[in-house]
Amino acid sequence: MTGPTPIYAKKITNSSGFVTRMGTQLQINGNAFRFAGANMHWLPMGDSTLYTSQFQINDALNAAHEMGLTVVRSHDLGISTGCPNCIEPTLGTFNATALQHDDYVIAAAQAHGIRLIIPLVDNYHYPAGGKHNFTDWRGISDENQFYTNPQVISDFEQYISVILNRVNTYTGIAYKNDPTIMAWETGNELHPPSAWTDKISTFIKGLDKNHLVIDGSSNIDPSAANMSNVDIVSDHYYPKNITRLTSDAALATNMGKAFIVGEYDWNDANGGDTLNSFLAAIKTNPIISGDAFWELWPHDDQYGYVSAEVQYMLHYPGDSQAMITATQQIRTHAYQMNNLAVPPASLPTAPVINASIKDDANNLLTWQGSAIAAKYTIERSTTSAKGPWTVICNQCVTDNMSPWTDTTPPNGIYWYRMTPYNLAGQAGSPSASFQGVSVANPTKWLKDDLNNWDLSYAHSSNLYFDTTNISYMNNDPSRASRSTPDHLWIIWNQPNIGAIQVTSYFWPYEDVSHFSFYLSADGTNW
């Protein structure tokens with residue numbers, strides 16, 4: 001990212017002003033404020049080595065907006081230490097590029113009418129950092145000294161100060177003055193002494209009188225009742241538990257604090273109370289100011305969806321009937337939290353066809369998906385980029401089916417276009433046309449399912465075929481896997497190579513050892 005660029009987002013009307021607290025209730029401009037929201041921890045870092053694209057940011061915010069969500073909780077906006085692309089890669093060094101990516105997320109959220117909850121440190125050792133970075137930087141082996149060591153606390157306060165005083169390059173507004181931010185959270189699932197929470201919340205309020213502060217303790221700390229600079233307490237629910245929810249809300253009220261559900265598992269397959277009953281318990285309990293499910297993911301830049309955390313991953317409008325049901329329950333709940341009727345589904349925006357790859361008899365088509373699309377129709381023309389068009393796939397493909405194979409491509413020049421449809425079967429805008437070309441002697445495809453070494457030319461020794469955990473690998477029955485974290489390799493011998501497509505897998509929150517791909521005309525020079 002070299003500088004500010006336009007935000008292509010759906011503008012909606014949203015009340016201006018900061019979210020405030022009156023006793024145990026949240027307000028905006030003197031009116032009650034209740035919300036349904038989503039966690040999107042990956043904004044703006046897909047992992048510690050790659051920033052999330054602007055397309056993915058807006059795609060997810062478009063989906064959130066369609067679901068009626070008005071708040072997003074995002075860890076990586078504020079938890080960003082100890083990695084090259086983090087806000088603070090090393091002690092006292094701050095990354096202007098990382099902060100500019102934060103700028104974009106905040107500006108995009110504003111454009112979508114969505115407010116943000118931003119935690120400031122994590123309890124765990126995730127790629128985007130956590131409390132251990134601050135003790136590691138000072139050579140302290142006991143990371144719990146994060147809460148007590150004066151030097152470490154001062155380092156953390158410096159980090160907070162940089163974030164709160166940051167002036168957004170897209171909006172010109174300092175973070176501490178931006179009502180798009182609903183609240184700062186002292187951290188994610190921390191286990192701090194009460195004195196630390198009191199000190200950090202007081203420090204935040206000393207810099208920023210506008211925003212609410214959430215106690216980021218893993219469970220509700222009753223001592224927060226005596227902390228004048230803590231506005232909100234919260235808890236996380238894995239699995240969903242209405243009895244505990246009700247008890248937590250009553251405890252927060254007795255403490256004189258607002259209460260929100262910071263995270264909950266939307267997936268009924270994981271046990272606990274059902275999603276519908278859990279959402280109903282939130283809606284009917286006026287003590288509960290809001291909730292955010294774990295977690296919403298976007299379309300990928302090229303095709304399909306970003307896939308991670310299989311157990312908790314939610315795509316809109318849904319990868320399966322169970323997920324579709326859940327997304328619609330959450331959408332209904334979101335509007336009910338604001339006493340609004342649930343509106344009809346919006347029309348999807350146009351997808352973007354980005355590749356048409358020909359093999360012997362088929363043509364593989366890929367496209368960048370539309371945030372609200374449930375299905376697509378594919379048309380083909382052999383006359384011109386403007387048609388006339390022949391339907392070759394009538395609402396028969398979803399984003400989970402990309403690349404899609406046209407098994408009857410004609411010879412010569414031809415064009416494709418795609419039309420998205422929402423869950424109600426209503427058509428949105430069609431894509432721009434995309435030209436594909438058949439050739440007389442097409443390149444041969446070499447498809448290696450990696451269930452044996454018959455198709456490869458050579459490979460390193462510490463590789464084996466992994467046939468486990470198929471359900472977590474898009475039902476791929478076999479993959480080449482490393483037995484050691486070394487630089488290993490596979491060579492394929494394919495003359496006149498024109499394209500390569502690779503599917504790779506890794507476990508979420510583990511360090512990713514990246515792949516490199518080399519081409520050679522002679523097997524010597526790469």
Side-chain angles (χ1 to χ4, degrees), residues 42 46-50 125-127 238-239 265-271 294-295 297-315 318-324 355 357 359-362 364-366 369 397-405 407 443-494 497 499-519:
W42 46 268
D47 60 39
S48 59
T49 61
L50 184 68
H125 289 226
Y126 286 153
Y238 299 95
D265 168 14
W266 63 269
N267 193 337
D268 284 347
N270 299 312
W294 191 276
E295 104 173 303
W297 290 84
H299 283 92
D300 211 338
D301 292 305
Q302 297 302 314
Y303 62 86
Y305 290 98
V306 176
S307 296
E309 293 187 311
V310 173
Q311 186 175 17
Y312 303 120
M313 175 183 65
L314 188 140
H315 298 137
D319 300 340
S320 63
Q321 186 54 55
M323 192 181 292
I324 290 172
I357 305 172
D359 66 9
D360 283 342
N362 304 313
L364 298 179
L365 198 67
T366 64
V397 66
T398 71
D399 285 301
N400 288 306
M401 298 165 67
S402 180
W404 179 79
T405 303
T407 58
T443 300
K444 299 287 185 180
W445 275 93
L446 173 69
K447 182 181 180 183
D448 193 343
D449 292 325
L450 287 173
N451 52 19
N452 57 51
W453 296 116
D454 292 349
L455 297 179
S456 62
Y457 177 77
H459 62 87
S460 54
S461 60
N462 291 335
L463 288 168
Y464 68 97
F465 296 112
D466 182 4
T467 58
T468 64
N469 299 303
I470 293 174
S471 62
Y472 293 100
M473 310 289 179
N474 286 337
N475 295 314
D476 185 352
S478 179
R479 291 82 53 199
S481 184
R482 294 180 296 191
S483 56
T484 60
D486 301 321
H487 186 182
L488 306 182
W489 47 269
I490 305 173
I491 298 175
W492 289 271
N493 188 349
Q494 179 76 344
I497 188 167
I500 183 172
Q501 178 179 316
V502 179
T503 302
S504 60
Y505 306 94
F506 67 94
W507 290 112
Y509 301 120
E510 287 187 357
D511 290 339
V512 180
S513 298
H514 291 276
F515 298 97
S516 297
F517 299 99
Y518 298 89
L519 296 180

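In what follows, residues are counted from 1 in the order of the sequence shown. Both backbone and side-chain heavy atoms feed into the values below; hydrogens, waters and symmetry mates do not.
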- [ ] Verify, without hydrogens or angle tests, whether T398 (side chain) and N400 (backbone) share a donor-acceptor contact under 3.5 angstrom.
- [x] yes
Open item on the list: Just checking Y238: does its OH atom have more than 12 heavy atoms from other residues, nucleotides or ligands closer to it than 6.0 angstrom?
Closed with: yes
Open item on the list: Looking at every heavy atom in both N452 and L455, which two are closest together, and how far apart are they?
Closed with: OD1-N, 4.4 Å
- [ ] Find the distance between CG (D449) and CG (D454) and round it off to the nearest 0.5 Å.
- [x] 11.5 Å
Task: Gap separating the OG atom of S478 from the CG atom of D448, nearest 0.5 angstrom - done: 9.0 Å
- [ ] Could you tell me the separation between the CG atom of D265 and the CG atom of N270, rounded to the nearest 0.5 Å?
- [x] 4.5 Å
Open item on the list: Taking W489's backbone N and O only, do any of them form a donor-acceptor pair with S460's side chain (distance below 3.5 Å, no angle check)?
Closed with: yes
Open item on the list: Using side-chain heavy atoms (C-beta onward) and a distance below 4.5 Å, is R482 in contact with L463?
Closed with: yes
TODO: Could you tell me whether the side chain of H315 reaches within less than 4.5 Å of the side chain of S307, counting heavy atoms only?
DONE: yes
Task: Taking every non-hydrogen atom, the tightest pair across V306 and M313 - done: O-SD, 3.9 Å
Task: Closest approach of P239 to G271 (non-hydrogen atoms, all atoms of both residues) - done: CB-O, 3.4 Å
Open item on the list: Donor-acceptor check, side chain of W453 to backbone of A458, threshold 3.5 angstrom: yes or no?
Closed with: no
- [ ] Over all heavy atoms of both residues, which pair between W404 and V397 is shortest? Give the atoms and the distance, please.
- [x] CD1-CG2, 3.7 Å
Open item on the list: How long is the straight-line distance from CG of N493 back to OG of S456, given to the nearest 0.5 Å?
Closed with: 10.5 Å
Open item on the list: Which heavy atom of W42 sits nearest to which heavy atom of E295, and what is that distance?
Closed with: CD1-OE1, 4.1 Å
TODO: Quick one: sort the Y305 and H299 rings into parallel, tilted or perpendicular, breaks at 30° and 60°.
DONE: parallel
Open item on the list: Can you tell me which residue among D466, T467, N451 is in a side chain to side chain contact (heavy atoms under 4.5 Å, CB included) with R479?
Closed with: D466
Open item on the list: So, taking the atom named OH in Y464 and the one named NE2 in H459, what distance separates them when rounded to the nearest 0.5 Å?
Closed with: 14.5 Å
Open item on the list: Could you measure the distance from the CZ atom of F465 to the CG atom of L450? Nearest 0.5 Å is fine.
Closed with: 6.0 Å
- [ ] Considering non-hydrogen atoms only, spot the tightest contact between T366 and S402 and give its length.
- [x] CA-OG, 3.7 Å
